[in-house]
Chemist: 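Okay, here's the structure, questions in a sec.
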Amino acid sequence: MSDLIDDPIPGQNTPEYTVSEISGEVKRTLEGTFGRIRVRGEVGRVFKARSGHLYYDIKDDRNVLACTTWKGQIAGLSVVPEEGLEVVVTGRLTAFGAQSKYNLNVDEVAVAGQGALMALLEKRKKQLESEGLFAPERKQPLPFLPQFIGVVTSPSGAVIRDILHRLRDRFPRKVLIWPVAVQGANCASEVANAIQGFNRLTPGGALPRPDLIIVARGGGSIEDLWGFNEEIVARATAESEIPLISAVGHETDTTLIDYVSDRRAPTPTAAAELAVPVRMELLAWTGEQGARLSRAATDAVQRRAQRLRDLSRALPRPETLLDGPRQRLDLIADRLAPALQRGVQNRRLQVVELCGHLRPSTLRNLVAARRDTLRNLSSRLSIRPIQRDIQQQRERVNQLAQRMTAAQTLRVDRLRQQLDATDRLRETLSYKATLQRGYAVVHSESGVVTTKAQASKHAALTIEFADGELKTAPLSGTTPTAKKPSKPPAPDQGSLF
């Protein structure tokens, strides 16, 4: 009986929760109490999972807050968290019951102060410099006179107007404008895509590939120019096969794209001056070089003429050059006649000596021997190989004749077809087809008559119709009048009416 009236054990009437229930209550309490909050701190450990989600810590000198940015939220971040960077993150506080942890789901990250931005910029600058992106040897020379210039900037600002005005004053060129946002969250991605897009164009295509790219923006604070300090912009600039001029901000403003680009301009107007030369200066230089070329050619000709005159003075007179050969000719001519006489006498003596040895019997014996030799050769000669060779040659000639006849027939048929086609075309283009529609041609003894004034000057006229000609003459004392045709004449038949 005493057990029934004993005091209960303390806490025995407290309700029991499952682990999932208590985790859910904690999560709802956190999300309901805090909602959307902003937290300032230094970025600690940063880890990007293979799924694409980003995990990192925000810490101060005593505590650490775990943060998570899902894969779909990373593209909307204006600044990607990096270890050691002081930031202000915005998101919703939630709990993860599976590990009894709470974290902040971050969808917006901003750098906390200009000092942190400069530290981040210096870190990126050292990283890109260590990779060789700032090396002078990788920078490309600018084309002397580009045919097409691509400009990456905002189409609504004063920058593009300054560039176009400066190009028009110096040397007008064709300009392709790729509109982009020059500040804000979308600036870096749009500028990088514009640079890559210009490089993907086909040279000589419907939209020509530019020979030079200008990335331009007006001045502003470091936050306004931060898009041009992003790594994707610097790497797109370094990978560009087209020479690139950076003209971001004023002369005192410096961004990462200035170090990576092939040439930096202090202002957008200066970029236009770097892109093209002054047309009038080129014309003046060309004229000056032409004048120098003319003077140089004239001086060279004069120097060579003077040199020729100097050399000609050292040459002997032309008549003295022939004195020696003339004397040798006279000596040889004096010796020629006696030499000919002696030669004839020697030949005469040789003929007399040979005639003394010549006998008719010797000639008859020689002729008989040659006749016997010829008779023996004629008996050995057979006509069959010659006839066989003649037959083979005759067959070859017949084959060639047949081939030539076939080729000639084919050529004549083809030429006849071309002639028929040309004749049909002539009939189509002839003015006689127009005569069939009721028109006529007026002739005189001097040619075709096309006006009333010409017709009144001739005593006799011939009118050509489709079915023949009619000769007539104007009435004396009157001027024939031309009847106005019911239809206008054909455009290519000026003599028809």
Chemist: Yes or no on side-chain contact (heavy atoms from CB on, under 4.5 Å) for Gln289 and Leu293, after CA distance, side-chain angles and deciding distance?
Modeler: CA-CA 6 Å; Gln289 295 301 314; Leu293 179 62; over 6 Å; no
Chemist: Testing the basics here: between Ile149 and Ile214, what is the closest heavy-atom pair and its distance to 0.1 Å?
Modeler: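 Minimum heavy-atom separation between Ile149 and Ile214: CG2-CD1, 4.0 Å.
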Chemist: Within a 6.0 Å radius of atom CZ on Phe148, are there more than 12 heavy atoms belonging to other residues, nucleotides or ligands?
Modeler: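 More than 12 heavy atoms, drawn from other residues, nucleotides or ligands, come within 6.0 Å of this atom.
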Chemist: Might you confirm whether atom CZ of Arg279 has over 12 heavy atoms from other residues, nucleotides or ligands at distances under 6.0 Å?
Modeler: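 Result for CZ/Arg279: open.
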Chemist: Just by distance, with hydrogens left out, do Gln402 and Asn398 show a side-chain donor and acceptor under 3.5 Å apart?
Modeler: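 No - no donor-acceptor pair under 3.5 Å links their side chains.
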Chemist: Where is the tightest heavy-atom contact between Gly41 and Ile58, given as atom of each residue plus distance?
Modeler: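 In this case the closest contact between Gly41 and Ile58 is CA-CG2, 3.6 Å.
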Chemist: Has Lys27 got more than 12 heavy atoms of other residues, nucleotides or ligands less than 6.0 Å from its NZ?
Modeler: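 Atom NZ in Lys27 is not crowded, with 12 or fewer foreign heavy atoms closer than 6.0 Å.
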Chemist: Can a side-chain donor-acceptor contact be found between Glu230 and Trp226 if the only test is distance below 3.5 angstrom?
Modeler: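 Per modelled atom types, Trp226 and Glu230 side chains form a pair under 3.5 Å.
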Chemist: So does Glu137 have more than 12 non-hydrogen atoms from other groups sitting under 6.0 Å from CD?
Modeler: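 Yes, because the 6.0 Å sphere around CD of Glu137 holds more than 12 heavy atoms from other groups.
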Chemist: Could you tell me if the side chain of Pro210 sits less than 4.5 Å from the side chain of Leu201, heavy atoms only?
Modeler: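 They are in side-chain contact.
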Chemist: Testing the basics here: between Leu93 and Leu65, what is the closest heavy-atom pair and its distance to 0.1 Å?
Modeler: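 Taking every non-hydrogen atom into account, CD1-CD1, 4.3 Å.
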Chemist: I'd like to know whether Arg217 forms a side-chain contact (heavy atoms from CB on, under 4.5 Å) with Val180, so could you lay out the CA-CA distance, the side-chain angles of the two residues, the decisive distance to 0.1 Å, and finally the verdict.
Modeler: CA-CA 10 Å; Arg217 187 206 187 279; Val180 296; over 6 Å; no
Chemist: Which atom names give the shortest non-hydrogen contact between Lys71 and His53, and what distance separates them?
Modeler: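 The pair with the smallest heavy-atom distance is N-ND1, 3.0 Å.
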Chemist: Given Arg173 and Leu145, is the side-chain contact (heavy atoms from CB on, under 4.5 Å) satisfied, shown in steps?
Modeler: CA-CA 9 Å; Arg173 297 282 87 185; Leu145 186 60; 4.0 Å; yes
Chemist: With no hydrogens and no angle check, do the side chains of Arg396 and Gln399 hold a donor and an acceptor under 3.5 Å apart?
Modeler: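 No, no side-chain donor-acceptor contact under 3.5 Å.
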Chemist: With Glu241, which of Arg209, Gln140, Arg200 fulfils side chain to side chain donor-acceptor pair (under 3.5 Å)?
Modeler: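 Of the listed residues Arg209, Gln140, Arg200, the side chain to side chain donor-acceptor pair (under 3.5 Å) partner of Glu241 is Arg209.
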Chemist: Which atom pair, heavy atoms only, marks the closest approach of Thr69 to Val106?
Modeler: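 Shortest heavy-atom separation between Thr69 and Val106 comes out as OG1-O, 3.1 Å.
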Chemist: With side chains defined as the heavy atoms from C-beta onward, is the minimum distance between Thr254 and Tyr259 less than 4.5 Å?
Modeler: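 Yes, their side chains come closer than 4.5 Å.
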Chemist: Side chains of Val260 and Phe134: does their closest heavy-atom pair fall under 4.5 Å?
Modeler: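 Answer yes - side chains close enough.
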Chemist: With sequence neighbours excluded, tell me which residues meet side-chain hydrogen bond (donor to acceptor under 3.5 Å, both in side chains) with Gln73.
Modeler: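 Partners of Gln73 by the side-chain hydrogen bond (donor to acceptor under 3.5 Å, both in side chains) criterion, ordered by chain and then number, come out as Asn105.
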Chemist: Does the side chain of Ser446 pick up a donor-acceptor pair with the side chain of Ser444 at under 3.5 Å?
Modeler: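 A donor-acceptor contact under 3.5 Å links the two side chains.
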Chemist: Run the salt bridge (charged side-chain N to carboxylate O under 4.0 Å, His left out) test against Arg416 and tell me which residues pass, sequence neighbours left out.
Modeler: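 Arg416 satisfies salt bridge (charged side-chain N to carboxylate O under 4.0 Å, His left out) with Asp413 only.
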Chemist: For Thr90, which residues count as a side-chain hydrogen bond (donor to acceptor under 3.5 Å, both in side chains) partner, sequence neighbours excluded?
Modeler: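 If we apply the side-chain hydrogen bond (donor to acceptor under 3.5 Å, both in side chains) test to Thr90, skipping adjacent residues, there are no hits.
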Chemist: What do the steps show when you test Leu244 against Phe198 for side-chain contact (heavy atoms from CB on, under 4.5 Å), and what is the final call?
Modeler: CA-CA 11 Å; Leu244 188 143; Phe198 273 137; over 6 Å; no
Chemist: Judged by atom type as modelled, is there a donor-acceptor pair below 3.5 Å linking the side chain of Asn199 to the main-chain atoms of Ile242?
Modeler: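 Answer holds: yes.
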Chemist: If you look at every heavy atom in Gln147 and Asp211, which pair is closest and at what distance?
Modeler: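 Looks like N-OD2, 2.8 Å.
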Chemist: Can Glu86 and Arg40 be counted as an ion pair, charged N to O under 4.0 angstrom?
Modeler: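 Salt bridge flag = yes for Arg40 with Glu86.
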Chemist: Is the shortest side-chain heavy-atom distance between Glu464 and Val448 below 4.5 Å?
Modeler: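 Counting from C-beta outward, Glu464 and Val448 never come under 4.5 Å.
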Chemist: Decide yes or no for Arg161 and His165: does some side-chain heavy atom of the first lie under 4.5 Å from some side-chain heavy atom of the second?
Modeler: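 When only atoms from C-beta onward are counted, His165 and Arg161 do not touch, as no gap falls below 4.5 Å.
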Chemist: Is it the case that more than 12 heavy atoms not belonging to Arg38 sit under 6.0 Å from its CZ atom?
Modeler: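 No, because the 6.0 Å sphere around CZ of Arg38 holds 12 heavy atoms or fewer from other groups.
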Chemist: Between Lys125 and Glu129, does any side-chain N to carboxylate O distance fall below 4.0 Å?
Modeler: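 So Lys125 does not pair with Glu129 through a salt bridge.
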